[in-house]
Amino acid sequence: MSEMPTRRAVLGAGVALAGTAGLLSRAAAPGAAYAATHHEPPSARAADQYVTPDGPEVADAETRRGAGPLRKVSLTANASRLELGGGLTVPSWAYGDRLPGEAIRVTAGDTLELALANHLPQATTMHWHGLALRNDMDGVPALTQPSVEAGADFTYRFAVTHPGTYWVHPHSGVQLDRGLYAPLIVDDPKEPLAYDKEWIVVLDDWLDGVEGSTPDAVLSELNKGRASSHGAAGHTARRRAAAADGDTPSRLLTGASSDLLGGHAGDVAYPHYLVNGRRASDPSVFEARPGDRIRLRVINAGGDTAFRLALGGHRMTVTHTDGFPVRHTETDALLLAMGERYDVLVTAGDGVFPLTALAEGKDASALAVLKTGTGAVPAATVRPAELDGELVTPDRLAPDDGVALAQREPDRTVRMTLTGSMDAYDWAFDGTPYDPAVRHPVKAGERVRLVFTNRTPMWHPIHLHGHTFALAGEALGARKDTAAVLPGRSLTVDLDADNPGLWMLHCHNVYHAESGMMTVLGYLR
Ligand code: C2O
Ligand code: CU
């Protein structure tokens with residue numbers, strides 16, 4: 001075992017020097033968090049002021065969720081060779097040797113028991129993006145659970161309460177930018193939508209295993225070899241040396257620009273963009289009949305790419321974002337930040353239609369095909385006119401009445417500034433790189449307002465674990481767990497603190513997160 005602090009030490013990271021007055025309280029002296037967790041006996045931290053993932057508050061919250069039918073799934077994380085279409089096969093890491101991993105499917109009210117076997121050469125964890133689940137199953141190493149070491153197993157077990165479109169990925173280093181992702185679909189036992197077919201659409205930007213590239217080497221190229229927040233210093237330094245020797249191409253992207261994203265679009269030049277694991281030259285084809293109502297569940301599993309999505313010849317009706325229903329809203333195109341999901345309904349025309357995912361600001365696109373009749377498969381580079389049509393953004397969506405958060409004065413406002421620059425690659429909240437011992441305190445039962453002000457020259461998709469906030473405005477808006485904050489702008493969201501634990505709050509650009517743009521919302525006892 002490594003430099004990783006032990007579970008007990010981190011979970012117990014305590015009150016010694018805590019300042020309770022500030023918005024940001026620090027559970028240990030600045031910079032001393034890791035040292036302290038190494039050398040202080042756990043007993044010295046018994047008076048911890050935060051709920052711990054293995055504490056009674058978390059167990060009580062789970063008891064209140066109830067224990068429905070048990071749904072058992074086994075999953076193996078493997079080093080695999082993946083076929084990306086058009087004869088390209090790459091070495092990578094994936095769930096069950098598939099890309100995307102097979103969809104995990106449960107019904108709201110079920111208890112999911114997933115046995116993960118880690119056959120990767122590295123420690124990993126599994127995170128359930130968007131689920132309000134029990135905190136100790138949230139899959140964040142050194143915060144909610146110990147890493148699942150190479151060769152080890154871990155069984156996740158928790159109640160699933162809310163239907164919707166979610167997904168799973170590791171929360172360890174930059175593993176998310178390999179092939180380790182899968183849809184997680186929670187069916188509604190009283191599904192209110194009527195449709196004939198369901199089409200799960202997973203978008204991704206791809207570089208792993210292409211000409212020797214790995215996400216670790218890319219992180220190292222971006223941050224100029226500085227150790228990542230997971231402490232793989234030696235590893236990344238070696239990778240960087242290899243990159244400098246010229247045996248892998250640079251993946252640094254400059255000049256990517258998008259008005260929709262407020263300027264600089266992304267940091268990484270990916271050689272491929274994928275829909276459902278396929279390149280545009282050899283796309284996946286979804287077959288249906290003309291007139292079928294199709295529910296698309298779209299997930300952006302990318303590392304550093306927003307996708308603009310449109311289905312040629314069709315309007316889309318947005319029904320959900322981030323798993324939660326919205327008042328049905330028509331649109332031509334969608335923009336999905338990393339981690340975001342949209343469900344839309346389309347009524348299929350007669351023919352063959354491109355579903356194009358434009359890598360926003362990166363001058364490339366991915367493709368899948370809807371086929372209901374005869375016609376040629378669209379060209380890889382096809383750009384349907386709908387991409388430049390009406391584009392509904394989250395602020396223009398209203399929540400479905402069943403999930404609208406009631407207006408309430410916030411009991412607590414937490415203000416955070418997004419900081420950092422491309423040059424220094426020092427992305428952070430409030431200039432402080434991620435430290436699991438630093439928490440923004442909230443209390444169970446509070447209405448909490450989070451205000452993010454983006455003082456960086458780049459957009460950031462901000463994601464909160466364990467909760468689905470409401471976009472704040474004149475009225476409380478759509479419920480979401482991931483929302484983009486454009487440069488120079490701010491984002492205000494309200495949430496009910498109803499799920500005790502220690503919850504990650506981070507940028508879902510995996511390279512930004514891993515460079516430090518992560519923090520923790522911690523429930524006080
Ligand atoms: Cu999609 Cu912290 O996660
Ligand atoms: Cu970011």
Side-chain angles (χ1 to χ4, degrees), residues 100 124-133 135 137-145 164-177 180-184 202-204 219 222-223 229-230 256 261-268 299-306 322-323 336-341 361 416-422 424-430 433-434 436 452-468 480-489 491 501-521:
T124 192
T125 59
M126 211 160 152
H127 170 61
W128 318 82
H129 183 118
L131 285 194
L133 79 175
N135 187 235
M137 293 290 127
D138 194 43
V140 181
L143 188 73
T144 69
Q145 69 166 101
T165 302
Y166 304 93
W167 62 299
V168 297
H169 62 76
H171 224 284
S172 303
V174 288
Q175 290 177 6
L176 156 67
D177 217 17
L180 294 164
Y181 57 81
L184 169 61
V202 186
L203 313 176
D204 193 18
L219 177 63
L222 290 166
N223 71 17
S229 68
H230 286 263
L261 299 173
H264 183 61
D267 306 337
V268 181
I299 301 165
N300 182 353
D304 173 74
T305 306
D322 294 358
L336 290 100
M338 297 79 83
E340 267 190 306
R341 290 91 64 216
M416 278 168 262
T417 303
L418 312 183
T419 57
S421 72
M422 180 68 195
Y425 225 75
D426 55 350
W427 309 110
F429 287 95
D430 299 308
Y434 176 58
F452 304 97
T453 303
N454 185 352
R455 291 209 207 289
T456 79
M458 189 176 175
W459 73 288
H460 305 278
I462 299 300
H463 171 52
L464 173 64
H465 289 202
H467 302 76
T468 300
K480 285 184 70 62
D481 54 60
T482 309
V485 195
L486 300 190
R489 304 278 287 277
L491 172 77
L502 303 174
W503 298 105
M504 293 300 293
L505 178 61
H506 63 91
C507 177
H508 220 285
N509 180 313
V510 72
Y511 298 99
H512 292 190
E514 197 57 14
S515 301
M517 198 178 254
M518 304 196 285
T519 188
V520 177
L521 209 64

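In this chain, numbering begins with 1 at the start of the sequence shown. Order of listing sets the numbers, starting from 1, for every ligand and every atom in it.
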Tell me, with the steps shown, if Tyr511 and Asp267 meet side-chain hydrogen bond (donor to acceptor under 3.5 Å, both in side chains).
CA-CA 9 Å; Tyr511 298 99; Asp267 306 337; over 6 Å; no
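Draw a line from atom 1 (Cu) of ligand 1 to NE2 of His508 and another to NE2 of His169, and the angle between them is 110° (to 10°).
The nearest N/O/S atom of His465 to atom 2 (Cu) of ligand 1 is NE2. Nearest N/O/S atom of His512 relative to the Cu ion (ligand 2): this is ND1. Atom ND1 is the N, O or S atom of His129 at the shortest distance from atom 1 (Cu) of ligand 1. Distances from the Cu ion (ligand 2) to the N/O/S atoms of His460 are shortest for ND1.
A donor atom on one side chain and an acceptor atom on the other are not found under 3.5 Å apart for Gln145 and Thr125.
The main-chain N or O of Arg341 is never found under 3.5 Å from a side-chain atom of Trp167 such that the two would form a donor-acceptor pair.
Counting backbone and side-chain atoms alike, His508 contributes no N/O/S atom closer than 2.8 Å to the Cu ion (ligand 2). Taking backbone and side chain together, His506 holds an N, O or S atom under 2.8 Å from atom 2 (Cu) of ligand 1.
Partner of Leu418 under the side-chain contact (heavy atoms from CB on, under 4.5 Å) criterion, chosen from Arg489, Arg455, Met517: Met517. Of the residues listed (His465, His512, His129), the one engaging His506 in a ring pair (Phe, Tyr, Trp, His ring centres under 6.0 Å) is His465, and it is the only one.
Ring planes of Trp427 and Tyr425: perpendicular class, angle over 60° (limits at 30 and 60°).
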